[in-house]
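This report concerns only the one structure given below.
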Amino acid sequence: MPEGQARFRRGGRCHGAVEGRHEGAGSDFIRDIVAADVAAGKNGGRVQTRFPPEPNGYIHIGHAKAFLLSYGVAAEHGGKFNLRFDDTNPTKEEQEFVDGIIEDMRWLGVDWDDRLFFASDYFEQLYEWAEFLIREGKAYVCDLSTEEISAYRGTAIERGGQIITPPGKDSPYRNRPAAENLGLFRRMRAGEFADGSRTLRAKIDMAHPNLNMRDPVMYRILRATHHRQGDAWCIYPTYDWAHGQSDAIEGITHSLCDLAFENHRPLYDWFLDNLPVPHRPRQIEFSRLNVTHTVMSKRKLRRLVEEGLVRGWDDPRMPTLRGMRRRGYTPEAIRAFIRGVGVTKAEGMVDFAYLEHCVRQDLNLRAPRAMAVLDPVRVVVTNYPEGKVEWLDAVNNPEDPGAGTRKVPFSRELWIEREDFMETPPPKFFRLAPGREVRLRYAYFVRCEDVVKDEAGNITEIRCTYDPATRGGDSPDGRKVKSTLHWVSAPHAVDAEVRLYDTLFLPERPEAAEGGDDWLSGINPESLTVLADCKLEPVLDEALPGGRFQFERKGYFVCDTDSVRGRPVFNRTATLRDTWAKAQASE
RNA sequence: UAGGGCGUCGCCAAGCGGAAAGGCAGCGGCCUUUGGAGCCGCCAUUCGGAGGUUCGAAUCCUCCCGCCCUAACCA
């Protein structure tokens, strides 16, 4: 089990302070089914699951829900988890994505030992089983075109404003003798026919109410170089024909997939029932994950990448695992999020705020703090000696005493956040203002004495005096200040670029936009803000890409791979909760 | 239309005939050298709707309504 051991089972409602949801995987209808199967001794009490990604793109947080579920279910029963690439369509699949998916899954802490498989490894077995079905009179070679197959299947048509679903019609090739089918099928494999000219179809029931059962296609002729098989094949199995049998070959006991395949389950079962398979897997469907303000289909994500709407699959705004990694999300936070949303058959849309909550909760405990001024304005401490520098003690993480302390340089000239000063402050503004005293974190109390402006009226400098008796930030006379500001010593500041992110889409449900490409119109033009003139305290110059910090009062940030020595780049993972900003926004 | 699913607080989600858990969001307050964190409190007389069965229903039955999926030689 990846995290924690406690299981929170049905009927075992937790009475203590810690509820199961936070400690273990919790329970859900799938775990209940699996537990019942184990209890009933099915499969000899064995549990084996799999995750079958198609290597045609990078995986996203929705895929994480799927493989974390399958991985978790197996782990909870001491079972096995397989990674199997579903590479049955050579025209769309690439090695690059195989490598990327493996990397992303490992990052999330998933382990499959030596059980890395490819559906293409089973092509020969699948072929043999296809011949078996032909000999049994349960599959036939069909010469109908795509359009004809669709028409014969009984595709829905509109008649007088009503949609009618006509029954299917048998293909004229449906009753070819087995021997003829066998010959034709072998010639299909041998490459004697043109692409798309024939298919092998299962002979099931053209009147079946479930369209998937109306003689589904098992093989199509397709001359394309496969990323692993090269040009060894010119016929390729369809998903329906490959999937259940691959599960059977691998000894999968519980084949978990999303609701889209619920309609396919009768077919999944039919193949297994009609073949001499070594094992009988069981398919169970659950609802896929949706998160507000983003899109979750590989097709759409690919579109964003290809049209340059984002900077790549690993753009920090993307819901891809590489994007989230670059954004600074931790594997632990993602796992907590997936655990938290649960597993059901109800299709929902999880609030992005919940994802943010999960990262904050994790990072609050682990991220070392540092001071960074994102939008700097100069402060001169007029009564502080010129040239003097003091290295003051700062706590690295108030949530973790073990994180220790560090030294922060203080001097006469400082940077503070432009928004932390107001010449004419509104009633609830606690920060710096003319005549007002505030605390500079870990340093001194300072009082604003004067403001210097340029001819345009912009503030160029805030002049303050400090109280030497408040060194470290405490006043011996018990004097209180209303706020504490973060700051950076100007001569010691590290110049940096900081990238702020907002949701990629403005609407909660971008895909709800009517038809076509309308979902693209929901793109947030301000999803990325680049701050080129930020001032960081010295320790941050030593940050390594991937290093996460809390910039005090500003949020969680991660060092980006674009960083160079002396000019670090940071991505904002998430803001801190900000009740002041909220109060202002509600005015 | 046919077939398959789903409908419990703004968002997730427990609940499985004895009578509405929890988390997120929101709202108050306490505390605070991060307007962060933490802590305390509030937040569904009601479970898509209507009937019915029952001493008792979110849980069982009937009908109705709404939403999603499939109708690729994609997965």
Side-chain angles (χ1 to χ4, degrees), chain A residues 10-11 13-14 19-22 26-28 52-54 56 86 88-89 91-92 142 144-146 149-150 153-159 162-167 195-196 198-201 208-214 216-222 236 238-240 242-243 257 259-266 285 287 292 298-299 340-358 360-361 364-365 369 371 395 398-399 428-431 439-443 472-474 481-486 508 550-555 576-583:
Chain A
R10 180 165 140 205
R13 179 167 298 175
C14 185
E19 68 272 45
R21 184 53 71 73
H22 291 303
S27 192
D28 54 63
E54 183 186 12
N56 66 344
D86 213 334
T88 57
N89 186 348
T91 62
K92 306 206 300 193
C142 183
L144 256 25
S145 68
T146 306
I149 287 177
S150 175
R153 185 166 34 223
T155 296
I157 48 169
E158 203 176 316
R159 187 184 295 161
Q162 285 270 287
I163 299 173
I164 304 295
T165 308
D195 283 12
R198 283 177 225 261
T199 55
L200 182 73
R201 293 227 259 163
H208 198 108
N210 182 334
L211 287 299
N212 289 128
M213 299 295 272
R214 320 246 266 222
V217 170
M218 296 165 61
Y219 279 96
R220 69 272 208 183
I221 304 173
L222 193 57
Y236 287 94
T238 56
Y239 165 85
D240 285 312
H243 203 83
C257 62
L259 252 25
F261 298 100
E262 206 160 21
N263 294 328
H264 295 244
R265 195 170 66 232
E285 314 83 12
S287 68
T292 59
K298 271 194 210 167
R299 212 199 96 246
V341 299
V343 180
T344 67
K345 296 188 73 157
E347 296 165 21
M349 173 77 59
V350 179
D351 201 327
F352 178 71
Y354 185 56
L355 219 201
E356 288 210 298
H357 160 79
C358 292
R360 288 191 186 113
Q361 189 171 258
N364 175 49
L365 265 22
R369 280 94 283 195
M371 294 197 284
V395 173
E399 302 292 330
K428 290 283 186 48
F429 185 85
F430 302 152
R431 281 107 99 146
R439 170 169 38 233
L440 294 182
R441 181 148 235 226
Y442 301 126
D474 283 310
V481 289
K482 298 270 293 234
S483 77
T484 300
L485 307 186
H486 63 280
E508 282 199 347
Q550 184 198 100
F551 289 177
E552 296 218 31
R553 303 207 306 135
K554 301 291 350 177
L576 253 24
R577 282 185 67 229
D578 189 346
T579 51
W580 165 240
K582 199 184 298 173

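Residue numbers start from 1 in every chain, and the chains themselves are labelled A, B, ... in the order their sequence lines are given, proteins ahead of strands.
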* State the pairing partner of C24(B); accept Watson-Crick or G-U wobble contacts with both distances under 3.5 Å, and report none otherwise. => G10(B)

* Structure fact -> Smallest heavy-atom separation, Phe551(A) atom then Leu576(A) atom, equals O-CD2, 4.5 Å

* Structure fact -> When both distances are under 3.5 Å in a Watson-Crick or G-U wobble arrangement, the nucleotide paired with C55(B) is G18(B)

* Distance below 4.0 Å between Ser150(A) side-chain N/O and A72(B) OP1 or OP2 -> yes

* Aromatic-base stack, Tyr239(A) on A75(B), cutoff 5.5 Å, angle under 30 -> no

* **Closest-nucleotide 5' rank along RNA chain B - winner of Leu259(A) and Asn364(A)** => Leu259(A)

* Please work out if Arg360(A) contacts a base, only the sugar-phosphate, or nothing of the nucleic acid, heavy-atom cut-off 4.0 Å. => nothing

* Do we count Phe430(A) as stacking onto G35(B) if the rule is ring centres under 5.5 Å and planes under 30°? -> yes

* **Closest non-hydrogen atom pair, Pro398(A) against Arg369(A)** => CD-CD, 3.7 Å

* Structure fact -> Mate of G3(B) across any strand shown (Watson-Crick or G-U wobble, both atom pairs under 3.5 Å) is C69(B)

* Using Watson-Crick or G-U wobble geometry with both distances below 3.5 Å, tell me the partner of C43(B), or none. => none

* **Phosphate contact (A13(B) OP1 or OP2) by Thr344(A) side-chain N/O below 4.0 Å** => yes

* For C73(B), take OP1 and OP2 only and decide whether either is under 4.0 Å from a side-chain N or O of Arg198(A). => no

* **N or O in side chain of Lys582(A) less than 4.0 angstrom from G26(B) OP1/OP2** => yes

* Within the structure, does a side-chain N or O atom of Arg441(A) lie under 4.0 Å from either OP1 or OP2 of G35(B)? -> no

* Consider the side chain of Arg220(A), meaning its heavy atoms from C-beta on, and name the nucleotide among A25(B), C68(B), C74(B) that approaches it most closely. => C74(B)

* Under 3.5 Å, side chain of Asn263(A) to main-chain N/O of Asn210(A), donor-acceptor pair present? -> no

* Measure across Arg439(A) and Thr484(A) and return the closest heavy-atom pair with its distance rounded to 0.1 Å. => NE-OG1, 3.1 Å

* Tell me whether the OP1 or OP2 atom of C73(B) has a side-chain N or O from Ser145(A) closer than 4.0 Å. => no

* **Length of the line joining Glu356(A):CD and C24(B):P, which is rounded to integer Å** => 14 Å

* Salt bridge flag under 4.0 Å for residues Lys298(A) and Glu54(A) -> no

* Taking the P atom of each, how far is G15(B) from A21(B), in whole Å? -> 13 Å

* Asked: How far, in whole Å, is G26(B) from C65(B) if one measures between their C1' atoms?
  -> 31 Å

* Between His486(A) and U34(B), does any side-chain N or O lie under 4.0 Å from OP1 or OP2? -> no

* To do: Using the C1' atom on both, measure G10(B) against A71(B) and round to a whole Å.
  => 36 Å

* Structure fact -> Partner of A37(B) under the Watson-Crick or G-U wobble criteria, both distances under 3.5 Å, comes out as none

* To do: Would you classify A71(B) as syn or anti? Syn applies when the glycosidic angle is within 90° of 0.
  => anti

